[in-house]
Amino acid sequence: MTQQVQNSRTTPDVVVIGGGIVGLACAWAALRDGATVTIIDRDFEGDRTSHGNAGGIAVTESTPISVNGLYMKALKWLFDPLGPLALDWKHVPTALPWFMEFQRSGNKDRFREISLALAQLNNRVYDDIVPMFEDIGAMDSFYRRGALTVYETDEAFAADQHEWEFKRDLGVRWHAMSADEVRDCEPSLAPVFRHGVFLDDWSHIGDPKRLVTQLRERVKQLGATFVVGAVKALDLADALAPAAVTETGERVKGRRLVVATGAWSAALAGSIGDRVLLDSERGYNTTLPAHGISLSREVIFAERKFVATPLDIGVRIGGAAEFAGLKAPPNYKRSDALLALGKRFLPGINDKGAVKWMGHRPATPDSLPVIGQSPRAPSVIYAFGHGHLGLTQSATTGALVADLLANRTPGIGLEPYSISRFRN
Ligand SMILES: Cc1cc2nc3c(=O)[nH]c(=O)nc-3n(C[C@H](O)[C@H](O)[C@H](O)COP(=O)(O)OP(=O)(O)OC[C@H]3O[C@@H](n4cnc5c(N)ncnc54)[C@H](O)[C@@H]3O)c2cc1C
């Protein structure tokens, strides 16, 4: 049964579907523009992706996942049952078109195009996110201390140099560190790292779930109406007031609809005939509240593909990319495997009270989000598919969506993020 949590005017300017970090950031930006906003979520407090991520404002991640040459590595990883990449073979037929497009995204020209589009978003993240954090009272747990990528081998460090140089061209600030500098920077790390890359502009937050709660409370305070309900389709029959139709048949109407349902968005886009390649890239982590070590910034373990973030609520150790769809139960052995790596590289870390988690990264094959109007109906605006960077790009997506809602020309060209790229 759809439950109205808070009442307001009948036909709002905007109905935002999805109350994760992206939907809330869109609602926040629209409210600040003076729009009336309704937000629908099937479970506002539920443990979705935005609640448990690594907390990184990872603005330096301006190259797609589909790096050239990834395939040989990927094949090796697939034969390691608890390695960084896993594929549930039952999911292969569904995921095949996604993987074919993923492969195309590694093509040299496309890789460059995607990187420029990612950099265009990432390079403006702080301009958008700082005002949002200030407004919602989140600055006290926002840590602009950079991040450290560490390498165990000379070979892996050398192999990544080309990409680091390319990232510098994209505007990413970084400098290489020797083994001694790595140890001085983060003394809790095991003394096995031969190289480091310090990323000046990466930052992290204290607790992703707290951030979502703060933003939701602020959006409520700014006057949004909250509706609890599972949306099954969009209905465009009334061009002036399209509707989000819930599973119980209720119609929540607005002048514009914003689809921000993360990894669950393909079905809603499909309900009005917009095709998108979107899959859940399931990620795992473990949070250690009583860790007992000192860590100042997020550490990225280059060869092992996992990260450790010193959140306010504990050190969170996580990563992994598992393709098994939205419904398969979590395989927490992956959290355990990541924790075992964490213990090896952060010796002495205490796992008392450890909490395991799995979340669904909304992944497109080209690592670009879907932001922009539906080619079928300008009243429908998409804001999903942020993959590894949904927290990072949340406020920027909100600002761009608010531009569209207010009929302003968005600050950057939105062509690279259009859902039309999946048309054939
Ligand atoms: C292990 C891991 C680590 C990560 N680390 C980082 C990081 O360090 N930095 C970073 O920037 N990003 C990170 N991410 C990615 C980031 O968490 C996601 O990109 C982001 O949370 C996506 O936000 P969202 O609002 O689009 O989706 P979600 O948070 O999934 O929110 C979608 C909302 O839509 C609702 N919903 C879905 N379908 C319906 C429906 N039919 N009707 C009604 N409501 C519906 C859901 O209940 C949910 O509340 C990480 C992800 C994982 C898994």
Side-chain angles (χ1 to χ4, degrees), residues 16-29 39 41 44 46-62 64-65 114 117-122 124-126 128-129 132-133 136 138 142 202-205 207-216 219 258-266 268-269 276-285 298 307 309 311 316 318-322 326 357-372 381-401 416-417 419:
V16 177
I17 313 165
I21 191 71
V22 174
L24 288 169
C26 293
W28 177 83
I39 310 181
D41 199 295
F44 283 97
D47 188 4
R48 307 294 174 211
T49 313
S50 301
H51 294 220
N53 61 48
I57 307 298
V59 294
T60 56
E61 296 307 281
S62 292
I65 311 292
I114 295 169
L118 279 171
Q120 194 177 226
L121 291 174
N122 289 343
R124 59 171 278 181
V125 156
Y126 288 110
D128 298 311
I129 215 165
M132 187 174 89
F133 282 2
I136 67 173
F142 176 37
W202 189 302
S203 55
H204 69 275
I205 59 165
D207 179 359
K209 183 162 186 171
R210 177 167 175 251
L211 181 79
V212 172
T213 307
Q214 285 173 311
L215 185 54
R216 191 171 59 233
V219 159
V258 175
V259 179
T261 40
W264 295 268
S265 302
L268 296 187
V276 61
L277 290 174
L278 184 75
D279 207 335
S280 161
E281 186 191 329
R282 297 148 57 111
Y284 289 82
N285 60 43
E298 189 160 348
V307 301
T309 319
L311 301 177
R316 181 164 283 171
E322 180 190 57
L326 288 164
W357 179 83
M358 186 275 281
H360 296 280
R361 297 184 192 96
T364 60
D366 56 13
S367 303
L368 290 172
V370 179
I371 306 172
I381 295 172
Y382 295 121
F384 62 82
H386 297 76
H388 290 236
L389 295 176
L391 165 63
T392 305
Q393 295 171 349
S394 56
T396 296
T397 302
L400 295 169
V401 167
Y417 323 105
I419 200 165

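- The backbone N or O of Gly20 sits nowhere less than 3.5 Å from a side-chain atom of Ser50 that would complete a donor-acceptor pair.
- Ala119 and Ser62 get closest at one heavy-atom pair: CA-OG, 3.6 Å.
- No side-chain donor-acceptor contact under 3.5 Å links Thr49 to the backbone of Gly359.
- Between Trp357 and His51, the gap from one ring centroid to the other reaches at least 6.0 Å.
- By the 4.5 Å heavy-atom criterion applied to side chains, Tyr417 and Leu400 are not counted as neighbours.
- Minimum interatomic distance between Gly398 and Ala29 (heavy atoms only, all atoms of both residues): O-CB, 3.3 Å.
- Contact detail for Glu298 and Thr309: the closest heavy-atom pair is CD-OG1, 3.3 Å.
- Atoms CG and CG, on Leu368 and Leu389 in that order, are 10.0 Å from each other to the nearest 0.5 Å.
- Atoms CG and CZ, from Leu215 and Phe133 in turn, are 9.0 Å apart once rounded to the nearest 0.5 Å.
- Between Ile21 and Gly390, the closest heavy-atom pair is CG2-O, 3.9 Å.
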Between Ile371 and Thr396, is a side-chain contact (heavy atoms from CB on, under 4.5 Å) present by the stated rule, with each step listed?
CA-CA 10 Å; Ile371 306 172; Thr396 296; over 6 Å; no
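- Here the side chain of Ser367 pairs a donor or acceptor atom with the backbone of Ile65 at under 3.5 angstrom.
- Under the 4.5 Å side-chain criterion, counting only non-hydrogen atoms from C-beta, Pro362 is in contact with Leu278.
- Side-chain atoms of Arg216 never come within 3.5 Å of backbone atoms of Leu24 as a donor-acceptor pair (strictly under, hydrogens ignored).
- Counting heavy atoms from C-beta outward, Ile136 and Leu211 have side chains that approach closer than 4.5 Å.
- In this structure, CZ on Arg316 lies 5.0 Å from CG on Leu311, to the nearest 0.5 angstrom.
- For the pair Asp128/Met132, no side-chain contact is recorded, criterion being any heavy-atom separation below 4.5 Å from C-beta on.
- The line from CG of Asn122 to OG1 of Thr60 is 8.0 Å long, rounded to the nearest 0.5 Å.
- In plain terms, the two heavy atoms of Gly56 and Trp202 that are nearest each other are CA-NE1, 3.8 Å.
- A distance of 9.5 Å separates CG in Asn53 from CZ in Arg361, rounded to the nearest 0.5 Å.
- Distance alone, capped at 3.5 Å, places no donor-acceptor pair between the Arg48 side chain and the Gly19 backbone.
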From CA spacing to verdict: side-chain contact (heavy atoms from CB on, under 4.5 Å), Thr397, Phe384:
CA-CA 9 Å; Thr397 302; Phe384 62 82; over 6 Å; no
Thr392 and Glu61: CA distance, side-chain angles, deciding distance, side-chain contact (heavy atoms from CB on, under 4.5 Å) verdict:
CA-CA 10 Å; Thr392 305; Glu61 296 307 281; over 6 Å; no
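- Atom CE of Met358 is separated from atom CG of Asn285 by 11.0 Å, given to the nearest 0.5 angstrom.
- Under the side-chain contact (heavy atoms from CB on, under 4.5 Å) rule, Ser265 has a single partner from Ile419, Val22, Val259, which is Val259.
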Step by step, work out the side-chain contact (heavy atoms from CB on, under 4.5 Å) result for Leu391 and Ile57.
CA-CA 7 Å; Leu391 165 63; Ile57 307 298; 3.8 Å; yes
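- Under the 3.5 Å distance criterion, the side-chain polar atoms of Tyr382 are left unmatched by any main-chain donor or acceptor of Pro369.
- The two residues Ser394 and Ala25 have their closest heavy-atom pair at O-CB, 3.3 Å.
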